[in-house]
Amino acid sequence: MLVNQSFKALEDPDREKFYCLSMFPYPSGKLHMGHVRNYTIGDVISRYQRMLGKNVLQPMGWDAFGLPAENAAIKNNTPPAEWTYANIDYMKGQLNRLGFGYDWDRELATCDPDYYKWEQWLFTRLIEKGMAYQKKATVNWDPVDQTVLANEQVIDGRGWRSGAVVEKRDIEQWFLKISDYSQELLDDLDKLPDWPERVITMQKNWIGRSVGLQMQFGLENTTETLEIFTTRPDTLMGVTYVAVAAEHPLAIEASKTNPELASFIEECKLGGVSEAEMETMEKKGFPLGINAIHPVTGETVPVFAANFVLMSYGSGAVMAVPGHDQRDWEFAEKYGIEKKQVIFPATDEQVGIEQAAYVEKGILKNSGEFDGLTSEQAFDAIADWLEAHGKGQRQVNFRLRDWGVSRQRYWGCPIPVIKDSAGNSRPATEFPVRLPEDVIVDGSGSPLKKMPEFYELANNEQRETDTFDTFFESSWYFARYCCPDANDSMLDERARYWLPVDQYVGGIEHAILHLLYARFFNKLMRDEGLIDNDEPFSRLLTQGMVIAETFYRENADGSKDWFNPADIDIERDSKGKVIQARLKSDGQPVISGGVEKMSKSKNNGVDPQDLINRFGADTVRLYTMFTAPPDQSLEWSEEGVEGAHRFLKRLWILAAEMSSDELGIPDELPERLQNSRREIHTNLKKALYDYERQQYNTVVSSCMTIVNNLYKLDETNEDKAVLREGMSIVLRLLAPIAPHVTHHLWTELGFGEDILTASWPQLDESALTQDTLEYVVQVNGKVRAKIQVAADADKAAIEETAKSNENVQRFTEGATIRKVIVVPNKLVNIVAN
RNA sequence: GCCCAGGUGGCGAAAUUGGUAGACGCAAGGGACUUAAAAUCCCUCGAGGGAAACCUCGUGCCGGUUCGAUUCCGGCCCUGGGCACCA
């Protein structure tokens with residue numbers, strides 16, 4: 001195939017490389033508009049960099065393991081592998097019809113044993129290094145289907161298929177010690193100046209470094225202690241109770257003699273494990289009938305079991321300060337627990353804790369020897385006291401938790417671990433550990449657990465039947481693209497040539513998890529000696545969602561039927577405002593449900609294939625680039641697509657009426673044509689700037705303005721020369737966005753062989769010069785006039801012209817001019833009163 | 001609940017980052033061409049007032065800083081993304 005060769009990337013140490021990567025798709029069936037947008041942005045950047053002369057690599061592949069394949073398998077009775085490979089086939093055809101310049105020789109699919117064998121190998125290395133370990137973790141358990149559910153499969157606390165109330169269950173799982181890299185993952189964010197600020201902030205908050213105090217509360221009548229961490233030691237003297245997880249050993253022990261507590265603990269097992277659910281559910285607790293001993297005062301405070309404390313995070317116990325933490329305040333209010341105010345405002349302001357917790361920092365009172373200290377001073381004083389008394393120590397804590405990579409699913413990479421009859425694990429030694437592909441999935445239990453031919457080994461040993469989290473595969477694919485055929489190692493020297501990725505493009509929804517895991521994996525691979533770079537992605541562009549209007553009718557039972565926007569007619573009033581929407585087929589009204597992310601459930605998706613068939617790939621690409629800046633959401637509009645199509649037609653017609661004579665710009669041009677050239681080059685300047693800052697919607701605007709100006713030109717040879725120059729500029733500016741049309745016109749007009757290898761247009765600064773400039777004149781900040789001033793006029797002359805303007809005089813008459821501000825080349829503001 | 005964004009004409013948006021608010025496009029209205037329609041081309045297009053010149057108001061809401069605020073600061077409201085097993 002021709003496209004294959006044009007975009008084949010070879011390592012060439014003599015050329016500046018540019019690795020442009022778009023997040024690979026999950027092969028769900030067919031491309032959706034979100035893919036089209038993502039890959040158009042990536043392709044525009046790749047072609048732009050290529051026209052700048054760089055050695056560009058743009059690969060594509062498939063994030064092929066995942067839950068939807070199992071769901072499709074249940075629904076259609078097709079093996080996940082078969083379904084996945086068929087989807088890959090179809091979607092690859094679609095990508096090619098959109099004209100994306102991929103090096104298909106580097107294509108990879110994560111479900112290919114030649115791919116996943118290397119992550120199995122790496123995982124066994126991590127086990128040997130102690131970077132991977134096993135521990136119990138809580139999952140959503142569907143008691144009817146006897147299966148683990150993803151958070152997405154828990155709807156209102158119930159299993160999506162069975163409808164059964166979901167329970168929490170602790171099972172043994174594999175973890176990666178990402179927490180060992182917390183500090184480096186945080187620090188290295190400073191090495192990423194070309195990442196969006198919001199992504200950096202989100203990652204920082206997610207890693208969540210805090211300096212606090214780890215301390216031990218005693219327990220009455222035992223020698224045991226409770227480990228507790230706090231970031232607010234200054235409020236320690238306000239502790240009035242301690243809360244432990246419902247499944248904390250202390251709670252379990254107490255429940256043996258307390259049936260009410262036992263049933264409370266049972267109740268806490270209901271519901272899912274997601275943080276959003278944990279944080280928004282009603283906070284409940286139950287006293288254990290045990291007291292904890294305050295480490296400083298020695299006073300006793302009651303211990304509660306609480307549903308919002310999780311056993312698997314931290315030590316499963318928290319101290320509670322109702323006076324200065326809102327959640328603790330509400331809990332204390334509910335259970336009649338004492339609230340103690342120990343922090344007071346540093347100002348004269350009177351703030352109590354009767355209505356709500358006082359969460360600000362301030363001055364300590366009611367805190368014994370710490371009275372009068374500020375919160376900051378108290379932090380150190382209390383930490384020193386506890387350290388001196390051996391009851392606690394300062395500690396840096398991270399919110400980031402170790403990454404649980406075990407999944408109790410079939411369609412994933414088998415975890416390469418073998419267990420002996422005693423349950424001891426050892427890493428596998430031969431790779432790949434191949435996933436059987438001819439498998440029946442029925443939605444109950446784990447298919448691999450029902451396949452002795454997979455897990456049974458000699459000597460009574462068994463294979464692990466869990467598979468990896470699919471984030472595992474997507475955490476290193478960017479490196480494998482550099483050397484997808486490396487047979488002897490995970491990566492080879494070619495990875496050192498191409499990495500890091502110069503530009504990564506993908507959805508904002510990946511701002512935290514995927515990007516953090518990929519950064520982590522990059523460091524794991526570096527520490528394994530496979531690559532040298534610290535960070536995988538130098539520059540990041542997070543594109544917004546594709547959204548569209550929704551329309552529905554409500555049925556008698558309250559359910560809704562959703563109609564596709566393509567099947568709706570819109571009526572507007574004389575100002576163009578929408579007054580009514582009707583279904584085309586029956587002419588009856590439908591209700592507008594607002595603008596939402598394109599989805600099957602709201603039936604507001606648009607099929608890219610249909611668009612390509614009707615308008616061509618260039619129109620679809622141009623529309624997605626023009627309608628919104630890449631990082632904002634893009635609202636679908638049929639009329640907008642027609643507008644993009646209209647522009648390409650205008651470009652085509654203008655070119656068709658041109659001659660291909662090579663006319664140069666004469667040294668002397670009439671003022672009319674100097675103005676035309678100034679318009680062209682002003683817009684070229686904007687477009688060059690916008691290409692660099694990746695704001696492609698205004699690149700297209702500038703191109704449209706240039707074309708509008710070219711349409712105004714006359715028939716003289718001088719006009720034709722300006723037209724030819726303008727056309728050569730606009731074609732190259734548009735080439736990365738609409739490659740097919742521009743390539744055709746480029747060769748047709750005799751500009752060159754291949755626009756892809758054409759030189760990037762250069763700005764002619766001399767075309768921008770002007771004899772006179774327009775200044776805006778303001779009086780007290782309000783625009784009162786526009787004046788023409790010679791370009792070389794000095795400040796005094798500009799002021800004089802401004803003051804002498806008739807309308808300006810109207811507004812300054814009778815007032816004293818206090819100040820005149822002149823902003824060069826822009827404006828004059830006269831301050832008068 | 002917590003973290004992060006974003007709110008500008010009828011609509012998508014722009015404003016080179018503190019200096020003319022609304023570029024470019026869509027929709028709408030008027031006109032030209034046509035027997036007619038489509039296509040194409042030309043004009044109008046934030047709101048209110050005024051023959052006009054021009055004036056007043058206007059960038060989610062309230063307040064502040066500044067000669068000047070869509071842009072900076074403080075407080076609210078709404079919408080969207082993420083919250084560790086969707087990808």
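What's counted below: heavy atoms across the whole structure, side chains too, no hydrogens, waters or symmetry copies. Quick note on labels: first sequence line is chain A, next is B, and so on, each numbered from 1.
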Quiz item: Does B/A27 have OP1 or OP2 sitting under 4.0 Å from an N or O in the side chain of A/Arg646?
Solution: yes

Self-check item: Between B/G1 and B/G50 - P atom distance, rounded Å
Solution: 50 Å

Practice problem: For RNA chain B, find the residues of residues 700-710 of chain A with a heavy-atom distance under 4.0 Å and give them by number; none if there aren't any. | Solution: A/Ser701, A/Met704, A/Thr705, A/Asn708

Self-check item: For A/Trp83, all residues meeting ring pair (Phe, Tyr, Trp, His ring centres under 6.0 Å), sequence neighbours excluded
Solution: none

Practice problem: Give A/Gln153 one of three labels, base, sugar-phosphate or nothing, depending on what nucleic acid heavy atoms sit under 4.0 Å from its own. | Solution: nothing

Quiz item: How far, in whole Å, is B/U70 from B/A15 if one measures between their P atoms?
Solution: 15 Å

Quiz item: Of A/Lys826 and A/Ile653, whose closest RNA chain B nucleotide lies nearer the 5' terminus?
Solution: A/Lys826

Quiz item: Is A/Pro629 touching bases, backbone alone, or none of the nucleic acid, heavy atoms closer than 4.0 Å?
Solution: sugar-phosphate

Practice problem: Report the C-alpha distance between A/Thr698 and A/Gln695 in whole Å, list the side-chain angles of each, state the deciding distance to 0.1 Å, and finish with yes or no for side chain to side chain donor-acceptor pair (under 3.5 Å). | Solution: CA-CA 6 Å; A/Thr698 46; A/Gln695 185 171 287; 3.0 Å; yes

Quiz item: Where along nucleotides 66-74 of chain B does protein come under 4.0 Å, by heavy atom, of base (B) or sugar-phosphate alone (S), with - for untouched nucleotides?
Solution: -B-------

Quiz prompt | For A/Pro25, all residues meeting side chain to side chain contact (heavy atoms under 4.5 Å, CB included), sequence neighbours excluded | solution = A/His35, A/Tyr39, A/Met60, A/Trp62, A/Met91

Quiz item: When rounded to the nearest 0.5 angstrom, what is the spacing between SG in A/Cys703 and CG in A/Asn708?
Solution: 11.0 Å

Quiz item: Reading RNA chain B 5' to 3', what string of ( ), [ ], | and . shows its pairs, if Watson-Crick and G-U wobble pairs count only when both distances fall under 3.5 Å?
Solution: (((((((..(((......[....))).(((((.......))))).((((....))))..(((((..]....))))))))))))....

Self-check item: side chain to side chain contact (heavy atoms under 4.5 Å, CB included) partners for A/Lys75, two or more places apart
Solution: none

Exercise. Mind checking A/Leu67 for me? I need base, sugar-phosphate or nothing, with any heavy atom below 4.0 Å counting as a touch.
Key: sugar-phosphate

Practice problem: With RNA chain B as reference, determine whether A/Phe471 or A/Asp402 sits nearer its 5' end, using the nearest nucleotide of each. | Solution: A/Asp402

Self-check item: Any A/Asn697 side-chain nitrogen or oxygen under 4.0 Å from OP1 or OP2 of B/A13
Solution: no

Practice problem: Please identify each residue that fulfils salt bridge (charged side-chain N to carboxylate O under 4.0 Å, His left out) with A/Arg693, with sequence neighbours left out. | Solution: A/Asp690

Self-check item: Inter-nucleotide C1' distance (B/A36, B/A32), Å rounded
Solution: 15 Å

Quiz item: Within the structure shown, what part of the strands sits under 4.0 Å from A/Val820 by heavy-atom distance: base, sugar-phosphate, or nothing?
Solution: nothing

Quiz item: So is A/Arg407 actually on top of A/Phe468's ring, under 6.0 Å and inside 45° of the axis?
Solution: no

Quiz item: Any side chain to side chain donor-acceptor pair (under 3.5 Å) pairs touching residues 168-182 of chain A, not counting sequence neighbours?
Solution: A/Thr138-A/Asp170, A/Ser179-A/Asp402, A/Tyr181-A/Asp527

Practice problem: Show the numbers, then the answer: is there a side chain to side chain donor-acceptor pair (under 3.5 Å) between A/Asp469 and A/Trp403? | Solution: CA-CA 10 Å; A/Asp469 176 4; A/Trp403 176 14; 3.0 Å; yes

Quiz item: Contact class for A/Gln173 (heavy atom, under 4.0 Å): base, sugar-phosphate, or nothing?
Solution: base

Self-check item: Which residues share a side chain to side chain contact (heavy atoms under 4.5 Å, CB included) with A/Gln326, sequence neighbours left out
Solution: A/Trp329, A/Glu330, A/Ala356, A/Ala357

Exercise. For nucleotides 52-57 of chain B, just jot down a letter per nucleotide in 5' to 3' order: B, S or -, based on protein non-hydrogen atoms under 4.0 Å.
Key: --SSSS

Exercise. For A/Arg198, answer base if it contacts any base atom (sugar-phosphate contacts may also be present), sugar-phosphate if it contacts only those atoms, and nothing otherwise; contact means non-hydrogen atoms under 4.0 Å.
Key: sugar-phosphate

Name the pairs: protein N/O against N/O of nucleotides 81-83 of chain B, kept only if under 3.5 Å.
| from | atom 1 | to | atom 2 | distance (Å) |
| --- | --- | --- | --- | --- |
| B/C83 | O2' | A/Glu275 | OE1 | 3.1 |

Quiz item: Hey, does A/Phe647 reach any base, or is it just sugar-phosphate, or nothing, if we go heavy atoms under 4.0 Å?
Solution: nothing

Quiz item: Which part of the nucleic acid does A/Ile570 contact within heavy-atom distance under 4.0 Å: base, sugar-phosphate only, or nothing?
Solution: nothing

Quiz prompt | Residues forming a salt bridge (charged side-chain N to carboxylate O under 4.0 Å, His left out) with A/Arg327, sequence neighbours excluded | solution = none

Quiz item: When you check the gap from the basic side-chain N to the acidic O, do A/Glu282 and A/Lys334 get nearer than 4.0 Å?
Solution: yes

Self-check item: Side chains of A/Lys685 and A/Leu768 in contact at under 4.5 Å (non-hydrogen atoms)
Solution: yes

